[in-house]
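What follows is a short report on a single structure.
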Amino acid sequence: MPDPRHLLGLQDLPAATLRDTLARVHACDQHPPAPDTLRGHVVANLFFEDSTRTRTSFSVAAQRLGASVVDLLGGQSSVNKGETLIDTARNVEAMGVSALVVRAKQSGAAALIARHVHTPVINAGDGRHEHPTQGLLDVYTLAKHFNRTDGFDLKGLTVAIVGDIASSRVARSNIAALRTLNAKVVCVGPPGLAPAGLATLGAKVVSHIDEAIKNADAVMMLRIQFERHGEAKAGVGAGGSDLPKQTSIASVREYREFYGLSPERAASLKPEAIIMHPGPINRGIELDAAVADGPRSVIMPQVSHGVTVRMAVLKHAILGD
Ligand code: NCD
């Protein structure tokens, strides 16, 4: 029986647990907890991989609840000197922290650490595996937008996920949560990045973006995660030439043509459809600026809900309520 204080992923979460978690998020959204809720507690961010919004969001959430935050970042920690993830986590635990927020490039890293500590562990992204707080903030954003916060049933809603799904822990957590809450999920991307095997997760895989988005109530755009292909590219911009070979697409310009959400393509969406992106956005590749900043975009509400989700998750992990 997994320790319920940990949040390691959404794939094995029973529907009732997922709904309870979302109900706690909604309660935090409606009635923000007192600013001294976690006074005296220390939350440790163990980030062995880069992050901008996720780490900041956890820090803001912890501080809003009155906890203090320590950051242990990959490049500056002893992990570079060969200390294992487990040793690092156990040392930080021994200093008396109340929660460990873990991001690492290895799939399963947070679960591995959780098996070796007594402190609650929250997965902030492990390789290509899961990013549960991102999945929660995405389904919360959807549920709130479509007035489904009463019971969190997403039946009748279709979510299209577009792009580099194979590398995306965000997509995996989202597909799990969306299917558990009865939404339909349609995936599309270059064959190597949106493989037919995604059907085993309960998603429908189609080959053309227009087919994926035409009936969608929400379109979730993902960036090409070059660094997870083992072919890191610095500063990729529109007009760059080579893409990872598994994309079977020759250039970012061609990628935009086939899989990007341009204003013209966005105009074919249902009138009430919304556009989501977990960030970071490669503007001009998967998403044009006019669409990212346009009236259908809920990208900023996603970011705001990220703090609410992390407040609810930290409070539950540390206080059990
Ligand atoms: C994502 C991540 O790191 O998995 N970003 C995020 O946490 N908001 C998505 C990505 O890296 O593209």
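Atoms within each ligand, like the ligands themselves, are counted from 1 in listed order.
- Nearest non-hydrogen protein atom to atom 8 (N) of ligand 1 is Pro278 O, 2.9 Å.
- The protein heavy-atom contact nearest to atom 7 (O) of ligand 1 is His131 NE2, 2.8 Å.
- Ligand 1 places these atoms under 4.0 Å from at least one heavy atom of Arg223: 10 (C), 11 (O), 12 (O).
- The proximity of Arg55 to ligand 1, defined as any non-hydrogen pair under 4.0 Å, does not occur for either the backbone or the side chain.
- Look at Asp321 and Arg24 and you find no salt bridge, because none of the NZ, NE, NH1 or NH2 atoms lies under 4.0 Å from a carboxylate O.
- In the vicinity of Val170, heavy-atom distances shorter than 4.0 Å reach the ligand 1 atoms 1 (C), 4 (O), 9 (C).
- Protein heavy atom at the shortest distance from atom 9 (C) of ligand 1 is Gly279 O, 3.4 Å.
- For the residue pair Thr21 / His316, no side-chain donor-acceptor distance below 3.5 Å is found, with atom types taken as modelled.
- Environment of CD in Glu257: sparse, with no more than 12 heavy atoms of neighbouring residues, nucleotides or ligands closer than 6.0 Å.
- Of the protein's heavy atoms, Arg169 NH2, 2.9 Å lies nearest to atom 3 (O) of ligand 1.
- Looking only at atom types and distance, the side chain of His129 has no donor-acceptor partner in the side chain of Asn123 under 3.5 Å away.
- Contact annotation: Arg103 has at least one heavy atom less than 4.0 Å from an atom of ligand 1.
- Note on Asp3 versus Arg5: salt bridge recorded, some NZ/NE/NH1/NH2 to OD/OE distance being below 4.0 Å.
- Between Leu85 and Gln106 there is a side-chain heavy-atom pair separated by less than 4.5 Å.
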